[in-house]
Amino acid sequence: MAQNVSRIRNIGITAHIDAGKTTLTERILYYTKKIHKIGEVDEGSATMDYMPQEQERGITITSAATTFPWKGHEIHLIDTPGHVDFTIEVERSLRVLDGVVAVLCAVGGVQPQTETVWHQAERYKVPRIVFVNKLDRIGANFHRAVLMMSERLGAHPVPVQIPMMGADELLGVIDLIRMKSIVWDQATMGEEYHYVEIPDQFMEEAVVARKFMLESAAEMDEELLEHYLENDDLDEKQIIRGLRIGTLSNKLVPTLCGSALKNQGVQPVIEAVIDFLPSPMDVPPVTGINPVTGFTETREPKSREPLCAFAFKVIMDQGRRATYVRVYSGELEAEKEVYNATRGNKERVARLFLTHANKREKIKSATPGLIVLAVGLKDTRTGDTLTAPSAPLVLESLDMYVPVISIAIEPKTRSDQEKLLSSLEKLAIEDPTFAYLENEDTGQLLISGMGELHLEIIVDRLKREFGVEVQTGKPQVVYKETITGSGKAHVIFDREMHDVRHVGEVTISIEAAPRGAGTSFTIAPGLETLPKDLLDYIEQGAREATLAGVLAGNEVVDISVKLEAVGSDIASMTGLGVKVATSQACKEASEKASPALLEPNMTVEVVVPEEFVGEVIADLNSRRGRLEDVTPRGKTSVLRAVVPLATMFGYSTALRSLTQGRGIFTMQYSHYDARL
């Protein structure tokens, strides 16, 4: 394995569900000699889908990491889920990756989850290349998929290949950089391939496509542009250089094509990873905050720098915690102490491993650029930064996603009762988008997640991995509360508890904040001189008041809370007294401020034959949906709408009934809004 950082690539494979990510990964692993037999998703034998739930359903649920060599380079690859319920897996993978291979289906083009993961990659400024897959399918259209990238993603796709389509099959691809066609030998499962002259019938299209590629590459560099204008051409190295500059700066997206299932087009994708995607040396040094000084500091990807590593995923392996870590600088060593700068405590790394799906290779240390599995970190959570004790640094954490759906669960037996809470705690440590809560009023235990499939997988894992049998209730929507006006309240709390008199007197005002702003707490001018511990208790009271709203006990969001005044006899006040007084004042002020219920709204995309469009739109309207777009696509139409989640339970059955079984839909969380 290469230890030269410039020869490392940390890449992820992302896509909408069923675009062929895992199928592509299997071929990559086979052609790089990492595996000796190609596994298939439909047969449940894919290497990277190792969970029983993944094998049974034919989908990726958890991101899996592997490492393999290719022509003197070391590639760390993470295969991510495409289902919207598991978006956090993509989010935390993109947080530590340097480059992405985005897979598009040549039939579906840019689909809803494609957009989600694309914008996640944009947020982290991760360079991308695209592989347009499934060109062997009826209805495949490479050029439409490329056009959709421009229209739907705002991307600048630059094809470096175009497909050679026969009457009903993919014959091969044309390599526009070398101006040769590539044909794969199916007798060797696509392992052998040949560069041959471009057939006459494809030459005109290839010349036009190459000209666009040359212009795009030349525009990325003044020296290249000057050479192109003088010679009307660039050589192979110049083209790759120009495209690499454009990719690393996120100005263009090299686009390849093929059919992973039919073993066509895979090896050029690996070559493109080397040619166009960055090494750890090509990305900016990581930046964080020194928790001691409060100043911003950077870390270069060098072994002699102080250790800085990011924990991006915690897994429970046979009841034991293990943590996936990306090393940014310094050296992470087994059997050595590290400092968790996020939590302010020291931890010991017992062992380190390189992973290949669920298999492991023990190593003694990890240098910059490596993604490894660390065992022995007892308190480290997703999003924590591990550093050298002498040089602490806290990197930006992860955006977490809010659970939008809940179900009530209860254990089937008394013995299961004891195991249930500890099992749920372990699952919550693994998955930041999963939460559980015991309802104090009803005694019900509620589990919450990103969708019905997410919770179904959680319940299945409770049974298989933890041996806990549970009964489940019907899915429930997770509502929130807010206010639409403003209110003010003055409360005096004076009560004796356990022979101690607790006193508090506060005046609180609240007003509505913009949607998505969260909760803020401020104090009126002149109150800054109050004792800090008293102000801390007042803020705690305000924050705790937002945990249960006045309408239905839901979390309260998007409000501004302000401390207007406190009683004159500050010396007699206690921390508990002002905390309770503040909480009560917030509740009273909320009742005066026109409280409102918020519900989760989903972006729904429905693909239906054109003859059923009217009925499907009418049904979405009846579900309080807001139609945003209708796009013809051949003999089908794509409807995009925003619909309240509460009305979408059982929609798959209704859609089948409306469209004679021919309609399909995808749904993902959009935002919370007032319930009308």
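- For the pair S329 (side chain) and E305 (backbone), a donor-acceptor distance under 3.5 Å is absent.
- Proximity of a side-chain donor or acceptor of Q471 to a complementary backbone N or O of E410 within less than 3.5 Å is not detected.
- Remark: the T380 side chain and the E347 side chain contain an N/O donor-acceptor pair separated by less than 3.5 Å.
- When all heavy atoms of P392 and V292 are compared, the closest pair comes out as CG-CG2, 4.0 Å.
- Residues P600 and Y669 are in side-chain contact: their nearest non-hydrogen atoms beyond the backbone lie under 4.5 Å apart.
- K33 has its side chain within reach of E191: a pair of non-hydrogen atoms, C-beta onward, lies under 4.5 Å apart.
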Requested in this report: Output, in order, the C-alpha distance, side-chain angles, deciding distance and verdict of side-chain contact (heavy atoms from CB on, under 4.5 Å) for E469 and T413.
Outcome: CA-CA 8 Å; E469 295 274 0; T413 67; over 6 Å; no

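- E452 and H454 form no side-chain donor-acceptor contact under 3.5 Å, judged by distance and modelled atom types alone.
- Note that CD1 of I274 and CD1 of I75 are 4.0 Å apart. Values are rounded to the nearest 0.5 Å.
- Between I447 and L455 the shortest side-chain heavy-atom distance falls below 4.5 Å.
- In this structure a side-chain-to-backbone donor-acceptor pair under 3.5 Å is missing from D98 to I11.
- With a 4.5 Å cut-off on side-chain heavy atoms, T382 and F312 do not count as touching.
- Rounding to the nearest 0.5 angstrom, the gap separating the OG1 atom in T355 from the NE2 atom in H76 is 9.5 Å.
- Every residue was checked against the salt bridge (charged side-chain N to carboxylate O under 4.0 Å, His left out) condition with D416, not counting sequence neighbours, and none meets it.
- Within a 6.0 Å sphere centred on OH of Y537, heavy atoms belonging to other residues, nucleotides or ligands number 12 at most.
- In plain terms, the two heavy atoms of V253 and A155 that are nearest each other are CG2-CB, 4.4 Å.
- In terms of heavy-atom proximity, P278 sits nearest to G99 at CD-CA, 4.4 Å.
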Report task. Would you check, one step at a time, whether the test side-chain contact (heavy atoms from CB on, under 4.5 Å) holds for Y324 with V314? Result -> CA-CA 6 Å; Y324 277 101; V314 178; over 6 Å; no

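- From R464, atom CZ reaches atom CD1 of I457 across 8.5 Å, with rounding to the nearest 0.5 Å.
- Remark: the backbone N or O of A341 is not paired with any side-chain donor or acceptor of T387 at under 3.5 angstrom.
- Using modelled atom types, one side-chain atom of D384 and one backbone atom of R381 make a donor-acceptor pair closer than 3.5 Å.
- Under the 4.0 Å criterion applied to side-chain N and carboxylate O atoms, K71 and E271 are assigned as salt-bridge partners.
- Of all the heavy atoms in V103 and A19, the pair that sits closest is CG1-O, 3.6 Å.
- Donor-acceptor pairing under 3.5 Å is recorded for the side chains of N250 and R128.
- Using a distance-only test at 3.5 Å, with no hydrogens or angles considered, no donor-acceptor pair links the side chain of R326 to the main chain of F310.
- Of the charged side-chain nitrogens involved, none lies within less than 4.0 Å of a carboxylate oxygen, so that E337 and R348 do not count as a salt-bridged pair.
- Using a 4.5 Å heavy-atom threshold, the side chains of E425 and L421 count as separate.
- Using a 4.0 Å cut-off between charged side-chain N and carboxylate O, R241 and D275 make no salt bridge.
- For E539 and R543, the salt-bridge test passes: some basic side-chain N is under 4.0 Å from an acidic carboxylate O.
- A donor-acceptor pair under 3.5 Å is formed between the side chain of N133 and the backbone N or O of A260.
- Side chain of Q267 to backbone of G190: a donor-acceptor contact under 3.5 angstrom is found.
- Expressed to the nearest 0.5 Å, how far CZ of F466 lies from NZ of K426 amounts to 6.0 Å.
- Proximity of V338 to L332: side-chain heavy atoms (C-beta onward) are separated by under 4.5 Å at one or more points.
- With contacts defined as side-chain heavy-atom distances shorter than 4.5 Å, the pair F131/T255 does not qualify.
- Interatomic distance, CZ of F434 versus OG of S448, reported as 8.0 Å (0.5 Å rounding).
- Salt-bridge check for E430 with R461: passed, with a basic side-chain N closer than 4.0 Å to an acidic carboxylate O.
- Salt bridge R304/E331: absent, no basic N to carboxylate O contact under 4.0 Å.
- Using a 4.0 Å cut-off between a side-chain N of Lys or Arg and a carboxylate O of Asp or Glu, D379 and R343 do not qualify as a salt bridge.
- Heavy-atom minimum distance, P301 versus V5: O-CG2, 4.2 Å.
- Screening P285, P368, C308 against R299 for a side-chain contact (heavy atoms from CB on, under 4.5 Å) leaves a single residue, C308.
- Contacts of T114 classified as side-chain hydrogen bond (donor to acceptor under 3.5 Å, both in side chains), with partners at least two apart in sequence or in another chain: none.
- With hydrogens and angles disregarded, a donor-acceptor distance shorter than 3.5 Å links the side chain of R9 to the backbone of L277.
- The line from OG of S249 to CE of M220 is 6.0 Å long, rounded to the nearest 0.5 Å.
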Report task. Go through the steps for E361 and L354 under the test side-chain contact (heavy atoms from CB on, under 4.5 Å), then give the verdict. Result -> CA-CA 5 Å; E361 175 192 337; L354 287 174; 4.3 Å; yes

Query - Stepwise side-chain contact (heavy atoms from CB on, under 4.5 Å) test for F521 and I538 - result: CA-CA 10 Å; F521 176 78; I538 291 171; 3.8 Å; yes

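- The two residues L256 and P268 have their closest heavy-atom pair at CD2-O, 3.6 Å.
- Between P69 and E74 the shortest side-chain heavy-atom distance does not fall below 4.5 Å.
- Scanning for ring-ring contact (aromatic ring centres under 6.0 Å, His included) contacts around Y193 gives W184, with sequence neighbours left out.
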